[in-house]
Amino acid sequence: MRAKSAAPIRHTRYSVTFSSHQSEPVVSLATLKDVDEIVRLIEANSADHGGHISPEFGRATIEGLLERSAIILTVRIGARLAGVLFSTDKEFQFTPSVSAMLRAWPGRSSAYVYGPVCIDERDRGKGLLAKLFDELKKRLPGREAVLFIERKNETSLRAHLRLGMRVVAEFSHRGKDFLVLHFVEEL
Ligand SMILES: CC(C)(COP(=O)(O)OP(=O)(O)OC[C@H]1O[C@@H](n2cnc3c(N)ncnc32)[C@H](O)[C@@H]1OP(=O)(O)O)[C@@H](O)C(=O)NCCC(=O)NCCS
């Protein structure tokens, strides 16, 4: 898979929900320099540590995605990594669960795989997910996003329904039940 855009992202500044003594969140395109922090955030939220992110999604996969120029967005508050959102062309089925999802809902030929997404526990409920997704939509206009959420991850399901995503299918993988959601932007 090749880069969809090599142009440096224009840093977007936001002015809501953060008081004047806090840095505002800044969304950027991830680079290999971000990998250690991204891996730490993902590992802290993996199912191995009581979270919802599949342990299939580890350092090797993350580095592979960065090297393939997948669009990976970070959001930082000051110097600190507060969240990350992955997106990849669907041809690159980077984990068995992604393949299982695409069997359940292949999506349009130009669809992309959205996720995983992870916001640091300290920064949840501040709308950072919406900021990441707004930037992703700007970078992939009009393309269908396809994602899966474990059925019992109700917080994530609610947060993604709020973004305008819709449940379109379901599947089971390694004993867990997942919902498939998609998002199609009418341009
Ligand atoms: C799912 C997730 C990405 C949502 O991101 P977010 O930026 O917090 O999204 P929102 O701002 O829309 O808020 C989501 C919810 O968190 C709640 N929340 C507020 N403060 C919170 C806190 N300190 N800790 C946890 N949740 C909090 C919000 O009230 C909202 O809940 P509601 O739906 O009941 O109203 C984030 O919770 C997360 O990273 N979870 C762990 C990893 C994960 O599950 N990823 C998704 C895999 S599909």
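Numbering of ligands and ligand atoms starts at 1, following listing order.
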Report the residues that fulfil side chain to side chain contact (heavy atoms under 4.5 Å, CB included) with Ser172, sequence neighbours left out, ordered by chain and then residue number. Asp177
Of all heavy-atom pairs between [X] and [Y], which one has the smallest distance, and what is that distance?
X      : Y      : value
Leu41  : Asp120 : CD1-CA, 3.8 Å
Lys126 : Asp123 : NZ-OD1, 2.9 Å
Thr61  : Glu56  : OG1-O, 3.6 Å

On a heavy-atom basis, I'd like to know which of [options] is closest to [atom].
atom                    : options                        : answer
atom 46 (C) of ligand 1 : Gly51, Ala159, Ser156, Ala47   : Ser156
atom 43 (C) of ligand 1 : Asn45, Val117, Leu85           : Val117
atom 27 (C) of ligand 1 : Glu121, Glu154, Arg158, Arg124 : Arg124

Which ligand 1 atoms does [X] reach within 4.0 Å, using its non-hydrogen atoms?
X      : result
Cys118 : 39 (O)
Leu128 : 7 (O)
Lys126 : 11 (O)
Phe148 : 48 (S)

Looking at His173 versus Phe148, is the centre-to-centre ring distance below 6.0 Å? no
Is it true that [X] and [Y] fall in one hydrophobic cluster, defined by side-chain heavy atoms closer than 4.5 Å?
X      : Y      : value
Leu128 : Leu157 : yes
Val39  : Leu66  : yes
Val184 : Leu179 : no

May I ask whether Pro116 places a heavy atom under 4.0 Å from ligand 1? no
Does even one non-hydrogen atom of Gly127 get within less than 4.0 Å of ligand 1? yes
Under 4.0 Å, heavy-atom basis, I'd like to know which part of [X] is in contact with ligand 1: side chain, backbone, both or neither.
X      : value
Thr155 : side chain
Asn153 : side chain
Arg162 : side chain
His52  : side chain

Residues forming a ring pair (Phe, Tyr, Trp, His ring centres under 6.0 Å) with Phe57, sequence neighbours excluded: Phe86, Phe94
Identify the protein heavy atom lying closest to [atom], giving its residue, its atom name and the separation to 0.1 Å.
atom                    : result
atom 7 (O) of ligand 1  : Leu129 N, 3.2 Å
atom 18 (N) of ligand 1 : Gly125 CA, 3.8 Å
atom 39 (O) of ligand 1 : Ile119 N, 2.7 Å

N/O separation below 3.5 Å, Ile53 to ligand 1: no
Hey, does Ile149 come in under 3.5 Å of ligand 1, counting only N/O atoms on both sides? no
Rounding to 0.5 Å, atoms CZ (Arg139) and OG (Ser87) come to a distance of 9.0 Å
Cation-pi check for Phe92 against Arg68: NZ or CZ below 6.0 Å from the six-membered ring centre and within 45 degrees of the axis, yes or no? yes
